[in-house]
Amino acid sequence: MKHLLEISDLTPEEILRIFSLTEDLKEKTSAGIREPLLPGRVMAMIFEKPSLRTRVSFQSGMAHLGGSSMMLGDDVGFGKRESIEDFTRVLSEYVDVIVFRAKQHSIVQRVAEAASCSVINGLTELAHPCQALADLYTLREKVGTLEGAKLAWVGDANNVARSLAVCCGRLGVEFSLACPSGYEFPTKFVSTLHEQCPGVQFSQTSDPHEAVLDAAAVYTDVWASMGQEAEKEKRKKDFAPYQVNQELMSSAPDKALFMHCLPAHRGEEVTDEVIDSPNSVVVEQAANRMHVQKGVLAWLLGVHS
Ligand code: CP
Ligand code: NVA
């Protein structure tokens, strides 16, 4: 059974296959064609945290493909009425794929282990693989070729940063992280990254100006992710020198894109001037979530693998 819990579940060839399905489906969507690759297929979604992009892009994408989807709410009693394993074994008798946004990564892993259908991680505290795929698809659309490009991440080394670092490693993109001391990726993550992506070009620095030099794109995300609300004020102080503003962007090449997974906290990790600038591709990234996830669904459900 194929699952997508982390980018490391995909080989570089599989990522490129998903991108090629995406390209085809996106072109057809633009031409008004909704290719029904998944008629009769059913997707269940369980979200333990809020979402606009992931939830709606998956549901619209599945509708485009001729399948249907259902959002399961609190009333199904996930984790409350019965064991997670019993719940999952039963749910996967009814549906073809489960998209799960969980408070704990270990819960999505348990669901995938118990499921007899495919499971897609719709964000955990450790990974956001669908976001990373859409981001690198967007970067490729904008710069033409990924091999040798550099992506600078300025801010918290969070779930999105982790998935992007692995996706960059898989696709030959240099990844440069700038964050305050104490907020870097854990050593274990970095050593696993090197094992999973031999030859990866990866660096960490506390100097954001150094990180953005020669970057094709400068990426940031909120300083306190969902679940870290208690640390919000401390993080605001610690990350203040890492705001992506025009001064920082002037250390990057003129053509450098600005990227953000959204939702953004304007005035904190990014200024209005940068996020609203012509170099900002944040809406294209969000739009590509749907196109790439259609590629993921078509690939994962074995229709066009
Ligand atoms: N970027 C992203 O995953 O957004 P949502 O939290 O709105 O799904
Ligand atoms: N890092 C953010 C991403 C939201 C899409 C969070 O986990 O809240």
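Thr54 approaches Gln293 most closely through the heavy-atom pair O-NE2, 4.2 Å. The nearest pair of heavy atoms linking Met259 to Ala217 is SD-CB, 3.7 Å. Between Val95 and Cys117 the shortest heavy-atom distance is O-CB, 3.7 Å. Nearest heavy-atom pair, Ala287 versus His291, reported as atom, atom and distance to 0.1 Å: O-CD2, 3.3 Å. The two residues Met62 and Ser68 make their nearest non-hydrogen contact at CG-O, 3.6 Å. Taking both residues in full, the closest heavy atoms of Trp153 and Ala157 are given as NE1-N, 4.4 Å, listed atom of the first, atom of the second, then distance.
Side-chain contact of Glu284 with Asn288: a donor-acceptor pair under 3.5 Å is absent, judged by distance alone. In this model, no donor atom of one side chain and acceptor atom of the other lie less than 3.5 Å apart for Thr29 and Arg34. Remark: the Thr271 side chain and the Asn245 side chain contain no N/O donor-acceptor pair separated by less than 3.5 Å.
Taking CG from Asn279 and CG from Asp254, the interatomic distance works out to 8.5 Å, rounded to the nearest 0.5 Å. The structure places OG of Ser176 at 15.5 Å from OH of Tyr219, a figure rounded to the nearest 0.5 Å. Taking CD1 of Ile7 as the start and SG of Cys130 as the end, the distance is 7.5 Å to the nearest 0.5 Å. Atom CG in Leu37 sits 10.0 Å away from atom CG in Leu297 (nearest 0.5 Å). Rounding to the nearest 0.5 Å places SG of Cys179 at 13.0 Å from CH2 of Trp223. Taken from NE2 in His3 to CD in Glu113, the straight-line distance is 8.5 Å, to the nearest 0.5 Å.
Tracing side-chain contacts under 4.5 Å through hydrophobic residues (I, L, V, M, F, W, Y), one never reaches Phe100 starting from Val97; they form parts of separate clusters. Met45 is not connected to Ile107 by any chain of hydrophobic side-chain contacts under 4.5 Å among Ile, Leu, Val, Met, Phe, Trp and Tyr, and they are in different clusters. Note on Leu213 and Phe175: separate hydrophobic clusters, where clusters join Ile, Leu, Val, Met, Phe, Trp and Tyr whose side-chain heavy atoms are under 4.5 Å apart, directly or indirectly. If you chain together hydrophobic residues whose side chains sit under 4.5 Å apart, Leu136 and Val282 never meet in one group. When hydrophobic clusters are built by joining Ile, Leu, Val, Met, Phe, Trp and Tyr residues whose side-chain heavy atoms come closer than 4.5 Å, directly or via intermediates, Val166 is grouped together with Leu139.
The backbone N or O of Ser57 sits nowhere less than 3.5 Å from a side-chain atom of Ser60 that would complete a donor-acceptor pair. A donor-acceptor contact shorter than 3.5 Å links the side chain of Asp9 to the backbone of Leu5. A donor-acceptor pair is defined here as one N or O able to donate and one able to accept, closer than 3.5 Å; such a pair exists between the side chain of Gln204 and the backbone of Phe185. At least one donor-acceptor pair closer than 3.5 Å links the side chain of Ser163 to the backbone N or O of His128. When atom types are taken as modelled, the side chain of Asn121 and the backbone of Gln109 share no donor-acceptor pair closer than 3.5 angstrom. The backbone N or O of Pro208 lies less than 3.5 Å from no partner atom in the side chain of Glu210, so there is not a single donor-acceptor pair. With hydrogens and angles disregarded, a donor-acceptor distance shorter than 3.5 Å links the side chain of Ser92 to the backbone of Ser116. With hydrogens and angles disregarded, a donor-acceptor distance shorter than 3.5 Å links the side chain of Ser280 to the backbone of Ile275. Under the 3.5 Å distance criterion, the side-chain polar atoms of Arg101 are matched with a main-chain donor or acceptor of Pro50. No donor-acceptor pair closer than 3.5 Å links the side chain of Glu85 to the backbone N or O of Ser83.
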| Taking it one step at a time, do Val274 and Gln246 satisfy side chain to side chain contact (heavy atoms under 4.5 Å, CB included)? | CA-CA 6 Å; Val274 170; Gln246 207 45 56; 3.7 Å; yes
| request: Test Met43 against Met70 for side chain to side chain contact (heavy atoms under 4.5 Å, CB included), laying out the working first. | output: CA-CA 6 Å; Met43 176 175 74; Met70 61 184 82; over 6 Å; no
| request: Before giving the answer on side chain to side chain contact (heavy atoms under 4.5 Å, CB included), spell out for Ser277 and Met249 the whole-Å C-alpha distance, their side-chain angles and the decisive distance to 0.1 Å. | output: CA-CA 11 Å; Ser277 71; Met249 288 304 284; over 6 Å; no
| message | One pair to check against salt bridge (Lys or Arg N to Asp or Glu O under 4.0 Å): Arg140 and Glu23. What are the steps and the verdict? | response | CA-CA 11 Å; Arg140 194 179 74 166; Glu23 201 170 3; 3.8 Å; yes
| query | What do the steps show when you test Arg41 against Leu301 for side chain to side chain contact (heavy atoms under 4.5 Å, CB included), and what is the final call? | reply | CA-CA 9 Å; Arg41 303 296 178 101; Leu301 298 188; 3.6 Å; yes
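Applying the under-4.5 Å side-chain rule to Ile, Leu, Val, Met, Phe, Trp and Tyr, the cluster around Leu52 extends to Val56.
Within the 4.5 Å cutoff, no side-chain heavy atoms of Tyr137 are placed close to those of Leu146. At least one side-chain heavy atom of Leu123 sits less than 4.5 Å from a side-chain heavy atom of Lys49. Using a 4.5 Å heavy-atom cutoff, the side chains of Gln131 and Arg53 are not in contact. Residues Glu13 and Leu16 fail the side-chain proximity criterion, which asks for heavy atoms closer than 4.5 Å. At a threshold of 4.5 Å between non-hydrogen side-chain atoms, the residues Val212 and Val244 do not count as touching. Looking at Glu247 and His209, their side chains come closer than 4.5 Å, going by heavy atoms from C-beta outward. Between Leu72 and Leu91, some side-chain heavy-atom pair lies under the 4.5 Å cut-off. Looking only at side-chain heavy atoms (C-beta outward), Ile15 and Leu133 come within less than 4.5 Å of each other.
Heavy atoms of other residues, nucleotides or ligands lying less than 6.0 angstrom from CZ of Arg55 number 12 at most. Heavy atoms from other residues, nucleotides or ligands lying under 6.0 Å from NZ of Lys142 number 12 at most.
Between His260 and the options His265, Gln285, Arg266, Glu269, a side-chain hydrogen bond (donor to acceptor under 3.5 Å, both in side chains) holds for only Glu269.
In this structure, Lys294 does not pair ionically with Asp24, as no charged nitrogen and carboxylate oxygen lie closer than 4.0 Å. Of the charged side-chain nitrogens involved, none lies within less than 4.0 Å of a carboxylate oxygen, so that Arg235 and Asp238 do not count as a salt-bridged pair. Taking the charged nitrogens against the carboxylate oxygens, Glu125 and Lys103 have no contact shorter than 4.0 Å, which rules out a salt bridge. Between Arg162 and Glu6 there is no salt bridge, since no side-chain N of the basic residue sits under 4.0 Å from a carboxylate O of the acidic one. The residues Glu268 and Lys236 are annotated as salt-bridged, a charged nitrogen and a carboxylate oxygen being separated by less than 4.0 angstrom.
Residues Phe239 and Tyr183 bring their aromatic ring centres within 6.0 Å.
Annotation: cation-pi pair Lys2/Trp299 present, NZ/CZ under 6.0 Å from the ring centroid and within 45° of its normal.
Using a 30° and 60° split on the angle between ring planes, Phe78 and Phe87 fall in the perpendicular class, above 60°.
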